[in-house]
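Note on naming: letters A, B, ... go to the chains in the order of the sequence lines (proteins, then strands), and numbering restarts at 1 for each one.
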Protein chains: 2
Amino acid sequence: MKTLRLTSNDRAVLLDSRFFARLPRATAEAILDGTIASTHEEHDILFRQDEPVDHVFFVLSGLVRLYRLGKDGREADIAVFPKGEIFGENAMFLEHRATANAQAAEPLIVARLESRKLRQLAAENTDVAQALIELLCHHGKMTEDCLAEDRLLTAPQRVASYILSHCPDGLSSFSFRLPFQKNVLAGKLGLAPEALSRAFSMLRQSGVTVKGRVIEIRDRQALEKF
Amino acid sequence: MKTLRLTSNDRAVLLDSRFFARLPRATAEAILDGTIASTHEEHDILFRQDEPVDHVFFVLSGLVRLYRLGKDGREADIAVFPKGEIFGENAMFLEHRATANAQAAEPLIVARLESRKLRQLAAENTDVAQALIELLCHHGKMTEDCLAEDRLLTAPQRVASYILSHCPDGLSSFSFRLPFQKNVLAGKLGLAPEALSRAFSMLRQSGVTVKGRVIEIRDRQALEKF
DNA sequence: CGCTTTTTTGACACATTTCAACACTCGTGG
DNA sequence: CCACGAGTGTTGAAATGTGTCAAAAAAGCG
């Protein structure tokens, strides 16, 4: 891990993101003041479950996997954060201890917002508090969605649902590129990699073609009722 | 469903709860001003997924089940809220639409806090915002725990974990009464009722006895490594 | 091109759901 | 007091879905 200054491009990206865009410019600048960035190699750990964390993280580039460890060493993914997303904010309000492990799933650059400062700002400034509330809501809903899908859908259905979530409304045929390795997708969907593979080949008979990371859908309807 | 005024006992219970206790008395009173209660029979629906909700709910007595529906009509429990807990707060920040269905799992009385008013207060008052942030964090963590357990533990392990979460630290043998029907517990743990039943009989060989709703644990150690 | 890493496939084991039948509990009314 | 019935919980057998392990195939990268 190396630490860097924020580039002016980084600042621009940050200020444009959903979290900062809703804040008055001066407030956003105040949060960013003193913020640094750090780079990490794939597989690096950013923080560990139950250990202290002093930052809230913003993904500038790369990918982060948030997961819990079982007693037997197995890993359960809680969420995956691509470029532009914020994570680790909940530790701020849980005595600065992480609820999960965070690992770079690709070469990674993150901005590190000082969590004590941010917490303090949130306590004084309703704009910041509001932004945090919306972030927490959003993350909470993501987790709920995940839990519900795990409990209601089979593996192929979860994969179909994931694919459909990338389909612009109204199109009945389209294609897109997976934003990360199948490995990671499997984890995010709560599947073993083999199960993901098999799910894709089930979906072939519903008009889904997979070539490398490129997914092609011929008939959206067929997927929807899978 | 019948609507009622809050009794003075209700007010006391509310003001003592985690959410309100952290607020200055005047602020808490301001929120409660105009708040009404409603009673519901078992199986009544309080709100439905994707439909508008105008309240945040506080359970005065009884039990609420929060769940999502699958296309095939199957239900997946997201959370269960006993007396003293608040739910439905996330809809406030998601265009006042529920992310799940809420159903009385027992005869129920809830206090109905007006969500628009509460949202407004949160936007002006950092104390209220802070209280909401902590609530959202807490609920988020609950859901995360649930997701992780689903993905890491088998049915008997989840049941063991549930039992242990009711064991006061330091005791190696104890007993307690299930706070709700086994049916509901099964749902909360993401199991079919039959699976819960079988899990209990597996645990018998680790010193767990079940008589009606009373659970008795002879050897905590044995449970922990199940 | 050759090497490493990732993905796919197959065979098998295991956990859980499903469906059906049975036991138990508890309150009601004969 | 017992009999009845509805609701609740348990048990068994079969079916299903997913994980695991090993091996082959494909993709990425120098």
Side-chain angles (χ1 to χ4, degrees), chain A residues 41-43 63 65 70-77 104-107 146-147 149-162 177-205 208-215 226, chain B residues 41-43 63 65 70 72-77 104-107 147 149-162 177-205 208-215 226:
Chain A
E41 303 182 11
E42 190 169 344
H43 301 133
L63 197 70
R65 205 168 66 87
K71 280 200 294 262
D72 52 0
R74 286 196 359 269
E75 304 181 345
D77 286 31
E106 282 179 9
C146 224
L147 181 63
E149 293 211 338
D150 268 28
R151 291 183 170 182
L152 289 171
L153 306 182
T154 66
Q157 288 173 324
R158 297 210 287 271
V159 176
S161 159
Y162 174 80
R177 202 182 143 77
L178 288 177
F180 31 73
Q181 273 185 253
K182 293 197 181 136
N183 233 338
V184 177
L185 177 57
K188 178 179 152 75
L189 297 178
L191 297 173
E194 296 93 328
L196 176 64
S197 202
R198 281 186 247 271
F200 274 133
S201 54
M202 296 250 92
L203 292 179
R204 205 157 27 216
Q205 71 194 45
V208 175
T209 319
V210 182
K211 272 214 204 74
R213 281 203 194 169
V214 179
I215 313 285
F226 198 92
Chain B
E41 302 183 13
E42 190 170 345
H43 301 133
L63 195 71
R65 207 167 63 88
D72 51 1
R74 286 198 356 271
E75 303 181 346
D77 285 32
E106 282 179 9
L147 182 63
E149 292 211 339
D150 269 27
R151 290 184 171 182
L152 288 171
L153 306 182
T154 66
Q157 288 173 326
R158 298 210 285 271
V159 177
S161 159
Y162 175 80
R177 202 183 143 75
L178 288 178
F180 31 72
Q181 275 184 247
K182 291 191 182 145
N183 232 338
V184 177
L185 177 58
K188 179 179 152 74
L189 298 178
L191 297 173
E194 295 94 327
L196 176 63
S197 202
R198 282 186 246 270
F200 273 132
S201 54
M202 297 249 92
L203 293 178
R204 208 162 19 221
Q205 71 194 44
V208 175
T209 318
V210 181
K211 271 214 202 76
R213 280 202 195 170
V214 178
I215 313 284
F226 198 92

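- In this structure, B/R151 reaches neither bases nor backbone, as no heavy-atom distance under 4.0 Å exists between it and the strands shown.
- Relative to the axis of its first five pairs, the axis of the last five pairs of the helix from C/dC1-D/dG30 to C/dG30-D/dC1 sits at 30°, rounded to 10 degrees.
- Atom CG in A/L191 sits about 15 Å away from atom C1' in C/dT7, given to the nearest Å.
- Look at CE on A/M202: it is 12 Å from C1' on D/dT16, rounded to the nearest Å.
- If you check C/dT16, D/dG17, D/dA13 against the side chain of B/P156, the one that comes closest is C/dT16.
- Following rounding to the nearest Å, B/D150 (CG) and D/dG19 (C1') show an atom-to-atom distance of 16 Å.
- Among the nucleotides D/dT11, C/dT6, D/dT18, the one closest to any side-chain atom of A/Q181 is C/dT6.
- At whole-Å resolution of the value, CZ in A/R213 and P in C/dT6 are 10 Å apart.
- Atom CD in B/E75 sits about 16 Å away from atom C1' in C/dT17, given to the nearest Å.
- In this structure, the nucleotide among C/dT9, D/dG12, D/dT10 sitting nearest to the side chain of B/S197 is D/dT10.
- Between B/N183 atom CG and C/dT25 atom P there is a gap of 17 Å when expressed in whole angstrom units.
- Protein atom NZ of B/K182 is 19 Å distant from nucleotide atom P of D/dG7, rounded to whole Å.
- With rounding to the nearest 0.5 angstrom, the CZ atom of B/F226 is 11.5 Å from the CG atom of B/L153.
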Side-chain donor-acceptor distances from residues 182-204 of chain B under 3.5 Å, at least two apart:
residue: B/K182; atom: NZ; partner: B/G212; partner atom: O; Å: 3.1
residue: B/S201; atom: OG; partner: B/R198; partner atom: O; Å: 3.0

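- In terms of position on DNA chain D, the residue among B/S201 and A/G190 whose nearest nucleotide sits closer to the 5' end is B/S201.
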* Before giving the answer on side chain to side chain contact (heavy atoms under 4.5 Å, CB included), spell out for A/Y162 and A/L178 the whole-Å C-alpha distance, their side-chain angles and the decisive distance to 0.1 Å. => CA-CA 10 Å; A/Y162 174 80; A/L178 288 177; 3.9 Å; yes
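- Taking the side chain of A/E194 as heavy atoms from C-beta on, and the options C/dA20, C/dT16, D/dT20, the nearest nucleotide is D/dT20.
- A residue-by-residue look at B/R204 and A/A155 shows that B/R204 has its nearest nucleotide of DNA chain D further toward the 5' end.
- To the nearest 0.5 angstrom, B/L147 atom CG is 10.5 Å from B/E149 atom CD.
- Heavy-atom contacts from other residues, nucleotides or ligands closer than 6.0 Å to CD of A/E42 number more than 12.
- When the nucleotides D/dT11, D/dT18, C/dT16 are ranked by their closest atom to the side chain of B/T154, C/dT16 comes out on top.
- Backbone-only contact: A/R74 has heavy atoms under 4.0 Å from sugar-phosphate atoms and none from a base.
- Here the CZ atom belonging to B/R151 is positioned 4.0 Å from the CG atom belonging to A/D150, to the nearest 0.5 angstrom.
- Between the CZ atom of A/F180 and the P atom of D/dA27 there is a distance of 20 Å, rounded to whole Å.
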